[in-house]
Amino acid sequence: MLITVIGGGAAGLMAATVAAWNGAKVRIIERKGKLAKKLLASSNGRGNFSNLDTKETHYYSNNLPFVKKVLDIFGVVQTLSVFEGLGIMVKEKGTKLFPYTEKSKDIVTNFIYELEKHNVEVVLNFQVNQIIKDREKFLIKGQHRVFQSDKVIVATGGNSSPQYGSNGIIFPTLQDLGHSIVELRPGLVPLKVRPHIDKDVAGSKLEGNIFLIDQNGEIVSKIYTGEILFKEDDVLSGIPILELSNYVHEYLEQNTPLFLKIVPFPQYSHRSLVDFLVKKIRSKPERPIKLLLVSIIEERLIPYFLPKIGFENLEAPVNSLDDKDIEMLADNLKDWNFEVVGTTSWKDSQVSLGGINTTEIDPYTLESTIIPDLFFAGEIMDVAGESGGYNLQWSWSTGYLAGNSASSE
Ligand SMILES: Cc1cc2nc3c(=O)[nH]c(=O)nc-3n(C[C@H](O)[C@H](O)[C@H](O)COP(=O)(O)OP(=O)(O)OC[C@H]3O[C@@H](n4cnc5c(N)ncnc54)[C@H](O)[C@@H]3O)c2cc1C
């Protein structure tokens, strides 16, 4: 029996390895000249491959019960056992899991060794454009060549970061086979905001609690804590922003106003911030206003922030500020607001929201409920995780189950 895995990313590597371990004849077809380019780039090449807190609440999907079932059958514990078998030593950082060396290439090297050892055929630089079921066999077509296979595992990813290979070209042929697609949108992607962010501010960072509110002031997202990065072209990035990007599409598509709130210094109450500012003013009353916030926010942010809240003369001494000014300054320091007007492009996106409708996939086997012997693994499905290792965990879980069930007679 020949199993063809289309897509040599994390999910494809896992599926092919497991199927080969089970004694199946396995072929991987990959459109790029190299396997696992996205995995190699993950967490800046450090390979945050899973998270000890993996559960369905860290995922976005129209079908979270499906996600839960898959993770219950094959979750972190089972993944760690496979990784141990591969010889990958693991490091925990909080709940995040990394290869001990913090190099994702070390994960890839171990998988490639298994593929070679089990004579898995690897076809590189071949893009599959069409999959046809011809009686008992699949015909897998690209330019100038057709492969035959008994079973097919589709692990081609979604549309995110196409520079690493996943370009969504496979979706039309899967629709022709009868599958439906939940519309794809960029996830874990920087946000475009108003008001304008001055060029000089690009590169500055601000730490705090960050969340989204709707036009009625209701919080409509989880609250994330971390560092925001100000970028050129009115773009905000950083992990909390990427997390929040997963919420914004329905508001943007319906033209419903959506706002981003940053609350810096969560450990400082308004009162303690006022006390700190008053002490600082009293200790050096002649100090210019522009120096009052040094060490509180990044220096480059000061000439951007102060005029926005009405302080025009930044050279004026701090003792020109009255109690009302200081109260207002503290209020605004703890309350930064932006309107969300868009996301940047697929190129910056770390994951695809949407994909193959999971109601058409068996969660125990990852087999299509429409086309027998067709399986799915990884990001191609309508399942996307938060950042922190959840997306790669999804690739390992589904890759294992698809590879294992495809190779079981
Ligand atoms: C910059 C970045 C950082 C990330 N960091 C993390 C992180 O720290 N932790 C985490 O958990 N996740 C992270 N992710 C997400 C994670 O890398 C992906 O969710 C995961 O790699 C998806 O694996 P996959 O195998 O499903 O798809 P992919 O990795 O996209 O692999 C699909 C493969 O299929 C090939 N392919 C596509 N179409 C065809 C075709 N028609 N014919 C042949 N081959 C085809 C592609 O070339 C590609 O190699 C990150 C993503 C990015 C972009």
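Numbering of ligands and ligand atoms starts at 1, following listing order. The figures that follow rest on heavy atoms only: side chains count, while hydrogens, waters and symmetry mates do not. The model shown is predicted, which means the values in this text are computed figures rather than measured ones.
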Any Lys/Arg nitrogen of [X] or [Y] sitting under 4.0 Å from an Asp/Glu carboxylate oxygen of the other?
X: Lys290; Y: Glu315; value: yes
X: Arg271; Y: Glu327; value: yes
X: Lys222; Y: Glu243; value: no
X: Lys205; Y: Glu207; value: no
X: Asp53; Y: Lys55; value: yes

Per atom 32 (C) of ligand 1, closest listed option by heavy atom (Ala155, Gly165, Ser166, Gly7):
Ala155
So which of Gln350, Met381, Met14, Glu30 gets nearest to atom 15 (C) of ligand 1, if we judge by its closest heavy atom?
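Residue with the shortest heavy-atom distance to the ligand atom: Gln350.
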Side-chain H-bond candidate by donor/acceptor type, [X] with [Y], under 3.5 Å:
X: Asn391; Y: Gln393; value: no
X: Lys141; Y: Thr173; value: no
X: Asn357; Y: Thr359; value: yes
X: Glu360; Y: Ser368; value: no

Can you list the steps and then say if His270 with Asp331 is a side-chain hydrogen bond (donor to acceptor under 3.5 Å, both in side chains)?
CA-CA 7 Å; His270 170 82; Asp331 265 344; 3.2 Å; yes
Quick one: look up the protein heavy atom nearest [atom] and list residue, atom name and how far away it is.
atom: atom 37 (C) of ligand 1; answer: Thr156 O, 3.3 Å
atom: atom 7 (C) of ligand 1; answer: Asn48 O, 3.8 Å
atom: atom 23 (O) of ligand 1; answer: Ser395 OG, 3.2 Å
atom: atom 19 (O) of ligand 1; answer: Glu379 OE1, 2.9 Å
atom: atom 25 (O) of ligand 1; answer: Ala11 N, 3.0 Å
atom: atom 31 (O) of ligand 1; answer: Gly9 CA, 3.4 Å

Going by the order shown, which atoms of ligand 1 are within less than 4.0 Å of some heavy atom of [X]?
X: Gln127; value: 41 (N), 42 (N)
X: Lys32; value: 47 (O)
X: Gly157; value: 27 (O), 30 (O), 32 (C)
X: Val128; value: 40 (C), 41 (N), 42 (N), 43 (C)
X: Ala10; value: 25 (O)
X: Ile29; value: 43 (C), 44 (N)
X: Phe126; value: 42 (N), 43 (C)
X: Asn391; value: 11 (O), 12 (N), 15 (C), 19 (O)

What about [X]: any of its N or O atoms under 3.5 Å from an N or O on ligand 1?
X: Gly388; result: no
X: Ser43; result: yes
X: Arg31; result: yes
X: Leu392; result: yes
X: Ser161; result: no
X: Gln393; result: no
X: Lys38; result: yes

Taking ring pair (Phe, Tyr, Trp, His ring centres under 6.0 Å) as the criterion, tell me which of Phe259, Phe211, Phe305, Phe265 meets it with Trp336.
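Single pass found, and it is Phe305.
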Considering only heavy atoms, does [X] approach ligand 1 within less than 4.0 Å through its side chain, its backbone, both, or neither?
X: Ile169; answer: side chain
X: Tyr390; answer: backbone
X: Ser42; answer: both

On the six-membered ring of Phe138, is Lys133 placed so that its NZ or CZ lies under 6.0 angstrom from the centre and within 45° of the ring axis?
yes
Pi-cation contact, Tyr100 with Lys91 (under 6.0 Å, within 45°):
yes
Could you tell me how the ring of Tyr247 sits relative to the ring of Tyr60: parallel (under 30°), tilted (30 to 60°) or perpendicular (over 60°)?
perpendicular
Just say parallel, tilted or perpendicular for the rings of Tyr390 and His58, cut-offs at 30° and 60°.
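The arrangement is parallel - the two ring planes meet at less than 30°.
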Quick one: does [X] get a heavy atom under 4.0 Å from ligand 1?
X: Lys37; result: no
X: Ser160; result: no
X: Phe49; result: no

Applying ring pair (Phe, Tyr, Trp, His ring centres under 6.0 Å), run through Phe74 and Trp396 and close with a yes or a no.
CA-CA 9 Å; Phe74 196 93; Trp396 311 131; 10.0 Å; no
